[in-house]
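Hydrogens, waters and symmetry mates are skipped; everything else that's a heavy atom, side chains included, is used. Naming convention: chains lettered A, B, ... in sequence-line order (proteins, then strands); numbering from 1 in each chain.
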Number of protein chains: 2
Amino acid sequence: MPPRKKSAAPATGAPVSMADLARELGVSMTTISRALSDHHSIGPEMKRKVLKLAKKYNYQPNRLASALRKGRSKLLGIIVPYIEGRFFARVVHGMETAARQAGYHVIICQSNEEEAQERRNIEALLNLQVAGILTSVARTTRDYQHFDQVTERGVPLVFFDRRPDERPVHAVVLDDQEGGYLATRHLLQQGCRRVAHVAGPQYLNIYRNRRLGYLQALQEAGIPPDEALISYGDMSQEAGAAALRQWLKLPAPPDAVFAAGDYAALGVMEAALSSGLAVPGELAVVGFSNETFTVISKPAISSVEQRCEEMGQAAVRLLLELIEADGSVLGPRQLVLHPELLVRASSQRLEVSAAPKETKPRRK
Amino acid sequence: MPPRKKSAAPATGAPVSMADLARELGVSMTTISRALSDHHSIGPEMKRKVLKLAKKYNYQPNRLASALRKGRSKLLGIIVPYIEGRFFARVVHGMETAARQAGYHVIICQSNEEEAQERRNIEALLNLQVAGILTSVARTTRDYQHFDQVTERGVPLVFFDRRPDERPVHAVVLDDQEGGYLATRHLLQQGCRRVAHVAGPQYLNIYRNRRLGYLQALQEAGIPPDEALISYGDMSQEAGAAALRQWLKLPAPPDAVFAAGDYAALGVMEAALSSGLAVPGELAVVGFSNETFTVISKPAISSVEQRCEEMGQAAVRLLLELIEADGSVLGPRQLVLHPELLVRASSQRLEVSAAPKETKPRRK
DNA sequence: TTGTATGCGTTATCAG
DNA sequence: CTGATAACGCATACAA
């Protein structure tokens with residue numbers, strides 16, 4: 001192979017290093033390094049010259065070398081259960097945007113909801129010397145010591161949406177209870193008196209909290225909860241439909257349903273319509289997650305918006321704060337985001353006088 | 001700060017280096033390095049000892065140092081216009097999966113459809129010494145020299161879905177023309193004779209090709225194309241609705257519509273239904289992209305599935321091939337994936353005797 | 001204000 | 001089969 005040329009020349013796409021620039025200018029590498037990082041001890045004269053030459057040769061710093069030297073890279077690791085769902089895709093969108101603005105880049109890993117994969121991802125990210133890690137715990141994770149390993153190594157860790165319970169961790173979460181409360185209260189305000197609930201797996205805190213919010217709203221309205229009106233399932237469309245069919249057999253069937261997920265809400269609604277029930281007239285329905293199809297379905301489904309992008313951005317901001325604090329942060333930092341109820345046709349019983357369809361039409 | 005301890009001890013989460021292991025075992029770093037990378041010139045005895053110690057101290061290699069030394073990392077850069085859409089999220093899912101299986105990690109960047117951002121992303125990825133780059137060109141990109149820069153630096157580059165026209169690049173794309181052809185032919189086979197087309201911006205090759213497929217099917221059936229039956233727009237739901245309203249004013253309105261996107265198809269369908277037209281009875285509709293809502297809408301919308309995950313995996317496989325070939329690949333490598341028409345209710349005019357709703361029910 | 005020297009953790013090239 | 005040594009490109013403590 002051809003020997004390295006003496007004078008820096010961008011003939012081919014050859015990478016130019018600081019040493020090359022130093023040689024060319026007849027100064028030391030230190031000067032170059034300082035000039036490029038805008039160190040105060042460099043004369044404006046020199047600075048100009050260095051920058052000019054750097055531009056001329058299109059100098060590009062080797063971030064890896066820099067990271068190796070400094071012991072920390074400008075990389076953030078993200079571990080999500082899966083990326084193709086709408087929720088995580090939107091969160092990652094917010095994260096990438098916030099990270100980029102701060103000069104960081106993000107490495108995406110998927111755990112596929114498996115603890116073992118999560119463990120491997122953590123290890124790999126640490127080996128890549130990431131500056132911090134953002135993660136949403138896999139469904140199957142029961143043991144959390146691989147997360148402890150992260151903080152023990154001095155790498156900041158922020159959980160988002162799904163966090164380990166009862167552990168003092170940094171986290172950004174949605175107030176799911178508030179979401180459940182808002183949805184249920186809204187149904188009660190529409191005049192409904194027997195509000196049923198399609199609940200998700202209770203070992204997941206998000207579903208537990210949505211259910212708590214449901215109960216809170218009932219209690220506030222002085223309505224005793226009725227376990228017969230709560231259906232536990234996997235939140236699928238079919239689960240929602242099945243739940244409704246059961247409820248219709250009751251002596252006093254519900255006049256409203258709050259489903260902890262949009263697919264279940266859709267299932268409820270379709271089962272209702274095909275049983276000849278009017279929606280929202282005889283059965284009002286609210287879902288959760290603001291999936292794309294909620295706007296499109298007939299009638300459009302009211303739903304709780306989770307502010308995914310904000311969650312992503314907030315998580316990155318918190319992580320960067322921890323990174324810059326460099327271990328001097330004491331207690332766990334928590335950030336709770338507030339959900340937003342989007343009222344659409346499926347729950348709109350009372351005629352709203354000249355009001356827009358969605359209470360807060362913030363989306364484009 | 002406390003001085004580095006002499007003997008490697010995992011008291012805190014202190015990173016253990018090869019030097020630590022070497023000291024502990026009383027051998028040289030070279031031996032450690034070789035034993036860990038399973039070099040042939042290391043005795044099985046020694047190998048065992050090293051591996052045991054590495055496990056004991058939970059040694060983790062510093063990938064950055066390795067990459068710096070070898071001049072290439074195990075990182076792949078991905079640049080997508082945006083990650084939160086279903087299409088790119090699914091593609092990235094396929095990419096991450098394939099990359100992980102090969103021991104690589106992926107860095108995600110978004111261009112936000114802006115050429116300037118695309119340029120910055122490329123620069124940043126090169127500075128991170130990625131082993132290769134996967135990208136889908138931003139809408140606004142007119143100048144391609146930032147891509148040339150990548151290959152000039154010796155870094156393999158693979159385009160997916162959106163590729164620069166007329167340039168000899170490595171690319172994995174969907175056969176959009178075939179998609180348009182399949183959709184249109186299917187409508188003709190259903191007995192439709194006046195098939196209209198909602199087309200997208202023609203400066204994007206994907207929409208151009210879908211339109212070509214449409215024309216091809218017409219020609220094959222001996223039906224002369226009618227420009228009055230082609231509507232050009234932004235593929236929004238409203239654009240689809242507007243197109244249909246226009247067509248209904250024609251002396252001979254269409255009896256079928258192939259829309260180059262699902263949202264437009266939905267718009268067409270809803271406009272038709274609200275004009276009292278029966279779907280598929282009086283107007284058959286086929287969309288493109290297999291969006292989630294197509295299954296959910298009433299009637300369910302027939303659509304062309306793009307095999308996003310396969311595209312992502314294929315792109316990664318091609319990229320890895322180029323990386324391992326180390327510049328010895330001559331001409332541009334092309335890979336064309338075949339779309340799949342999913343026939344649902346919106347286009348099903350003829351009764352299919354005891355056939356499943358979707359022709360090839362491959363999805364779960 | 002600038003330069004010298006050293007090390008970050010790994011791998012490759014020698015020589016033994 | 002193993003070891004000493006020199007890089008990779010950058011950043012900093014220290015000296016001038």
Atom-to-atom span, [atom1] of [X] to [atom2] of [N] - whole angstrom:
X: A:Lys70; N: D:dA11; atom1: NZ; atom2: C1'; answer: 8 Å
X: A:Lys74; N: D:dA11; atom1: NZ; atom2: P; answer: 11 Å
X: A:Leu68; N: C:dT10; atom1: CG; atom2: P; answer: 9 Å
X: A:Met18; N: D:dT12; atom1: CE; atom2: C1'; answer: 12 Å
X: B:Met46; N: D:dC1; atom1: CE; atom2: C1'; answer: 11 Å
X: A:Leu25; N: C:dT2; atom1: CG; atom2: P; answer: 11 Å
X: B:Asn62; N: D:dC10; atom1: CG; atom2: P; answer: 17 Å
X: A:Arg23; N: C:dG3; atom1: CZ; atom2: C1'; answer: 16 Å

Should [X] and [Y] count as an ion pair when the cut-off is N to O under 4.0 Å?
X: B:Arg90; Y: B:Glu309; answer: yes
X: A:Asp148; Y: A:Arg167; answer: yes
X: A:Asp326; Y: A:Arg72; answer: no
X: B:Glu113; Y: B:Arg162; answer: yes
X: A:Glu115; Y: A:Arg119; answer: yes
X: B:Arg333; Y: B:Glu321; answer: yes

Practice prompt. Counting heavy atoms from C-beta on, name the nucleotide in C:dG7, D:dG9, D:dA6 closest to the side chain of A:Ser17.
Written response: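 Closest of the options to the side chain of A:Ser17: D:dG9.
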Using a heavy-atom cut-off of under 4.0 Å over every strand shown, decide if [X] touches base, sugar-phosphate, or nothing.
X: A:Gly43; result: sugar-phosphate
X: B:Ser41; result: base
X: B:Ile42; result: sugar-phosphate

Discussion item. Checking B:Asn112 against B:Gln117: is there a side-chain donor and acceptor pair closer than 3.5 Å?
Written reply: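 Side-chain D/A pair, B:Gln117 to B:Asn112: absent.
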Worksheet item: In terms of side-chain heavy atoms, does A:Glu118 have a donor or acceptor partner in A:Thr141 at a distance below 3.5 Å?
Response: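 There is such a pair between these side chains.
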Item to complete: Mind running a 4.0 Å heavy-atom check of residues 27-39 of chain B against DNA chain C and sending the residues that fall below it, in number order?
Response: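 Of all residues in residues 27-39 of chain B, the ones placing a heavy atom under 4.0 Å from DNA chain C are B:Met29, B:Thr30, B:Ser33, B:Arg34.
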Worksheet item: Using rotation axes that map the C1' atoms of four end pairs onto the next four (five pairs an end), what angle separates the end axes of the helix from C:dT1-D:dA16 to C:dG16-D:dC1, to 10°?
Response: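 So the angle between the two local helix axes works out to 40°.
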Worksheet entry | Qualifying side-chain hydrogen bond (donor to acceptor under 3.5 Å, both in side chains) pairs, either residue in residues 29-46 of chain B, two or more places apart |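 side-chain hydrogen bond (donor to acceptor under 3.5 Å, both in side chains) check on residues 29-46 of chain B returns B:Ser28-B:Thr31, B:Asp38-B:Lys47, B:His39-B:Ser41.
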Worksheet entry | Phosphate contact (D:dG9 OP1 or OP2) by A:Tyr59 side-chain N/O below 4.0 Å |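 Indeed not, no polar side-chain atom of A:Tyr59 lies that close.
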Worksheet item: Which residue, B:Ala65 or B:Pro44, contacts DNA chain D at a nucleotide closer to its 5' end, judged by nearest heavy atom?
Response: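 The residue closer to the strand's 5' end, by nearest nucleotide, is B:Pro44.
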